[in-house]
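Here is the structure we will look at.
Proteins get letters first, then strands, A, B, ... in listed order; numbering begins at 1 in each.
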2 protein chains.
Amino acid sequence: MATIKDVAKLAGVAVSTASYALNGTKKISDSTKQKVITAAKELNYQKNGYAMDLKMNKTKIIALILSDLIGPFYSELIQGVQEVVMEHGYDLIVCSSYGDESSTAAKFLREKRADGVILFAHNIETQLIQDSVRKGFPIVVLDRDLSDYEDIISVNVNNEHGSYIAAKYLIDQGSKNIAFVSGPKKSIDSQLRLEGFKRALKEHNLPYYSKWNINGKFTKDGGYQATKMLIHQGQLPDAVFYANDEMAIGGIEALKENHIDIPNQVSVIGFDDIQLAPYIQPPLTTVKQPKYEMGKLSSHLIFQVLEGEDVQNFYSLETEMIIRDSVQRSF
Amino acid sequence: MATIKDVAKLAGVAVSTASYALNGTKKISDSTKQKVITAAKELNYQKNGYAMDLKMNKTKIIALILSDLIGPFYSELIQGVQEVVMEHGYDLIVCSSYGDESSTAAKFLREKRADGVILFAHNIETQLIQDSVRKGFPIVVLDRDLSDYEDIISVNVNNEHGSYIAAKYLIDQGSKNIAFVSGPKKSIDSQLRLEGFKRALKEHNLPYYSKWNINGKFTKDGGYQATKMLIHQGQLPDAVFYANDEMAIGGIEALKENHIDIPNQVSVIGFDDIQLAPYIQPPLTTVKQPKYEMGKLSSHLIFQVLEGEDVQNFYSLETEMIIRDSVQRSF
DNA sequence: CTGTTAGCGCCTTCAC
DNA sequence: GTGAAGGCGCTAACAG
C-alpha cells in the first residue's frame, strides 16, 4: 500500500507538501497540488487511518456498546444516537459486549478506540467503566446509576416507577395473583423493575410470593422457559408481568401452547414497547421506554463534553403506559 | 493518560521490559514483572489502541457495514457473523453506510480501519469498494456480484430465482393481475427480484404492466405509500408482490385501512422472512433468505483470506419459499 | 534477563 | 511555497 511518502516521491515534492496538498491545510500552488493529486491517484493512495488517529489523538468515532446486537430492543435507541452523531460529522459504530471482560466493548472502552462511548450493557462491570475514565473521554451509561463518579454520565429510565405503574394497572384491572418474570440477576434494570412491582403489591396489601418470581434471560426463549415452569407449578396466576417485551412474547407462546386464554385466563404485561409489541396476538400491553430520546440525549451529552462544556452527570427519563389488549380490563 | 513510558519510569525499568511484562511476550523475572504491573495499576495505565494498531498494522477487528443499522432484516446476519468472528478471537463492529461517500462505511473501507470488511450496503458505489482493495484486506460483498474483480469476494443470494418462485406460487394460486413494489432503484437485489418476477409472468403468458410496478424504499413506510398509490389508481390487482417484507408490512397496513381483505381480495407476498413476518396478521407468506448462513459463510471467508488461504471469489446461496396465510390458496 | 533504539504513517512546526 | 525533522505510543529486533 502506498504511503504519503510514496506520493511525495512520485510527485517530486516533500512529504509535508503532499500532506498540505491532500488535506488543503495550507495554500499550495495549484500546479504542485495537481501533481500531488495525480500521483496519489496513480498509486491509489489511501491514508492510513491508524496513523492519523495516533497523530491526532482522535478518531471522530462514537461507539455505542450494546449487550446484544441482535435484540429488537435497540433500534430506536440507535436511531436517536445516529442522528445526532451524524449531525456532528462524526461516525457511529455499534459493538457488542458479548464476552464480558474480553469483549469488543472492553477493548473500545479501555483502549479508548473512540472519542466517546455510550454504554447499554449490563454485563460490563462498573469497575471496568471506572478504569476507562480519562480526561476528555465522555462515557454515558444507560443501564445503571453511576452518578457517584463525576466523570461518568448516567442517563437512566425510571424503571422502578414504570414498573410500579404497570403493576398498579394490573391490580386496578382486578389481578390479585401476579407472577413476575425477572431478567438476568445482574441487570439493574431488572432489579428496579422488580422493586417497583413489589412496592405496588405492598401498597395494595397484596402478598409477594417468591415462588412467583422466576428468572429469565431477557430473551424470547427465556420468557418461554420461565412461563413453562410457571405453568408446571400447578396454580396459575391471573396475571404475569414480564420484565421485558421479548420475554413476554415468549411467554405468550408458552401460554398459547397450553391453551390458556390471554387475557381472559391470564393477563400479560411487558416492558419496553419494542416494535413487535403491537403486532403479536393479542397486542401487548406494556411500558414504553423513551428509547429514541435516550439515544438523542446521550449523544448530545457526549458532544457537549467533547466541546468542553460542563454537563450534569445524572438524567432521569420517564416511562409511559401503553395499553393494548393483553391485559383483561375490568370495565 | 499514562503511557508505557511512565509505567517503565515508575517501575524503574526500560520501556521494552515494561512492554514484555505487560504482554507476556518474553520471559521476564517475576520480581520485575510484579514491579511493572504494580506501577501500571498505580498509574491506571491503559494501552493506547491506535498506537498498537499502527505498530502491528492490524486491529483484530472485522467491520460489518450495513445500509441501515435499524432495520429488522439484519439480526440473523449479524448473529452469523458475530459467532464466527468471536470464535477467532476477533472483535466485530457494525456500522452504517448512511451518508454514502462520506459515511462511516467509506471511512472504514478506504482507511482500512478493520482487518476485514463485510458489506451489505447498496448505497456504496462499486468504485469505492474497488479503490479500497489492498493485499491481505479481505472484502466480502453481499448485495452485488463483483466476481469480475478477483480481490473482492461476492456472496450472493439467488434473488432472481427466489423471486421467480414466489411469483410462480402466486400464479399457481390463481393470481393473474400482480403488482410489484420494488425497492430503491440502485439496489441490485431489487432489480433482480423484479427480473425474476417478470420471467415468471412471461413463462405463464401473463402481461407485465409498468403501471403496476411501483418504487418503494425498502421500508415499512415506503410500502405503505406505494400501496396507497396502487389503491388510488382505481383498479386493484389480485396480488401484490413486495420486494421485501418491511414494505409488505406497510402495504398490509394500507390495505387494511382501506378495508381490503387479505388474502381474499388481495394476496400479499414479501421477500426476506424477517422475524416479524410470522407475527403480523395475516402471517406473511414470503421468500426466506439464508441470512444466518450468509453471515457465517462471509466471515469464514474473511478468516480464510486472513490466514493466507486461497478462496473462490463467488458464492451463491438459495432461497426458500415460506408459506403462511397472506396469499389466497386455490385448493 | 534487561536496556537501547528504530521505526509504523502521518501531521505540523520551524526554518528557508 | 516548500523541505527537514520531530514525535504521537507502541513493539521487537538487537546488543549487552
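Of all nucleotides listed (C/dG9, D/dT11, C/dT12), C/dT12 comes nearest to the side chain of A/S19. Among the nucleotides D/dT11, D/dC8, D/dT2, the one closest to the side chain of B/N23 is D/dT11. Nearest nucleotide to the side chain of B/K26, out of D/dC14, D/dC10, D/dA12: D/dC14.
Taking atom NZ on A/K55 and atom P on D/dC10, their separation rounds to 15 Å, with Å as the unit. Rounded to whole Å, atom C1' of D/dC10 lies 13 Å from atom CG of B/D6. With rounding to whole Å, A/D53 atom CG is found 14 Å from C/dC8 atom C1'.
Using a 4.0 Å cut-off between charged side-chain N and carboxylate O, B/D53 and B/R113 make no salt bridge. Checked for salt-bridge contact, B/D115 and B/K58 miss the test: no charged N lies under 4.0 Å from a carboxylate O.
Sequence order on DNA chain D of the closest nucleotides to A/N57 and A/V15 puts A/V15 first from the 5' end.
Residue contacts shown for B/I28 are limited to sugar-phosphate atoms, with no base heavy atom under 4.0 Å away. B/S29 comes within 4.0 angstrom of sugar-phosphate atoms only, judged by non-hydrogen atoms across all strands, and of no base. Contacts of B/Y50 with the nucleic acid, taken as non-hydrogen atoms under 4.0 Å apart, are absent.
Between C/dC10 and A/Y20, no contact under 4.0 Å exists linking OP1 or OP2 to a side-chain N or O.
Annotation: A/F303 is in aromatic contact with A/Y90 [ring centroid separation under 6.0 Å].
When the options B/S97, B/S96, B/S67 are evaluated for a side-chain hydrogen bond (donor to acceptor under 3.5 Å, both in side chains) with B/N123, the one that passes is B/S97.
Residue side chain A/S16 reaches the base of D/dG3 through a donor-acceptor N/O pair under 3.5 Å, judged by distance alone.
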